[in-house]
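Because the structure is a prediction, the values reported are computed rather than measured.
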Amino acid sequence: MTAETATQAGTDAETTAGPQTEDQADTSSSAVGDDGAVADNAVTEAADSDADDDEAAATDVDDETDDDDSDEDEDDEDRLVEEGEIAGDYLEQLLDVLDFDGDIDLDVDGDRAVVSIDGGDDLTKLVGRKGEVLDALQELTRLAVQQATGERSRLMLDIARWRADRRDRLARLGREVAERVLSSGEREALDPMTPFERKIVHDAVAVVDGVVSESEGAEPKRRVVVLPS
């Protein structure tokens with residue numbers, strides 16, 4: 001083979017190899033591009049899936065929180081019912097010892113158990129002057145419940161509807177005093193009351209526009225004062 005022939009052959013070979021290499025590069029580039037798109041789609045789908053999982057997890061947490069709140073409410077109510085039952089048994093034995101008749105009614109009012117004794121003769125003797133005997137019996141009943149449960153009780157005891165009637169009278173008194181203060185424009189102080197009684201008056205005054213109420217003094221002579229707002 002002559003030198004000229006060899007040179008021509010080499011040129012042909014380069015010409016042939018050139019296009020093949022470029023085609024292969026284009027094909028490779030296209031393949032990489034497709035794979036990149038697939039990878040991007042995969043990442044996007046994974047991110048969407050994670051977001052869905054996070055949303056589902058958040059929903060589960062909300063549901064669990066609602067369930068927990070509901071369970072806590074049920075537990076609180078069950079605890080109050082248990083307090084009432086313990087108090088009822090204690091008071092039933094106490095009435096037998098004191099030789100008093102009466103029907104014991106158990107209820108739950110907000111965050112406390114309520115036990116009422118009605119229907120018997122001379123039950124007012126268990127109320128006493130201004131409810132002093134009733135307050136003492138209520139404290140004894142709370143201690144009996146605490147001894148059984150190990151927790152301090154806020155149970156309320158009522159006998160012969162003394163507290164219920166007292167609540168009605170205090171609410172009416174609070175409204176009447178509020179109306180007088182609104183009309184006269186001068187403050188008015190009420191007699192000393194227990195915290196429970198003062199709250200009833202405060203609630204009654206609060207519904208009358210133009211007046212406010214506050215407590216002043218120290219226990220046991222702390223009282224409600226109603227004045228213009």
Once rounded to the nearest 0.5 Å, what's the spacing between atom CD of E214 and atom CZ of R187? 7.0 Å

Rounded at 0.5 Å granularity, tell me how far CG in L140 sits from CG in L94. 8.0 Å

Keeping S213 on the side-chain end and V226 on the backbone end, is there a donor-acceptor pair under 3.5 Å? no

Minimum heavy-atom separation for G174 and V205, please, with both atom names. O-CG2, 3.7 Å

Look up atom CG in L123 and atom CD1 in I117, then write down how far apart they are to the nearest 0.5 Å. 7.0 Å

Does the D105 side chain pair with the main chain of D118, one donor and one acceptor, at a distance under 3.5 Å? no

Enumerate, atom names and distances included, each donor-acceptor pair closer than 3.5 Å involving a side-chain atom of residues 129-137, sequence neighbours excluded.
unit_1	atom_1	unit_2	atom_2	d
D135	OD1	R163	NH1	3.4
D135	OD1	R163	NH2	2.8

Which residue pairs satisfy the salt bridge (charged side-chain N to carboxylate O under 4.0 Å, His left out) criterion with at least one member in residues 218-229, sequence neighbours excluded? R198-E219

A204 and A171: which non-hydrogen atoms are nearest, and at how many Å? CB-O, 3.4 Å

Give, for atom CG of L170 and atom NZ of K199, the distance between the pair rounded to the nearest 0.5 Å. 12.5 Å

OG on S153 to CD on Q147, rounded to 0.5 Å: 13.0 Å

Where at least one partner belongs to residues 164-185, residue pairs that pass salt bridge (charged side-chain N to carboxylate O under 4.0 Å, His left out), sequence neighbours excluded: R161-D165, R166-E197, R180-E188

dist L106:CG -> E83:CD (nearest 0.5 Å) comes out at 11.5 Å

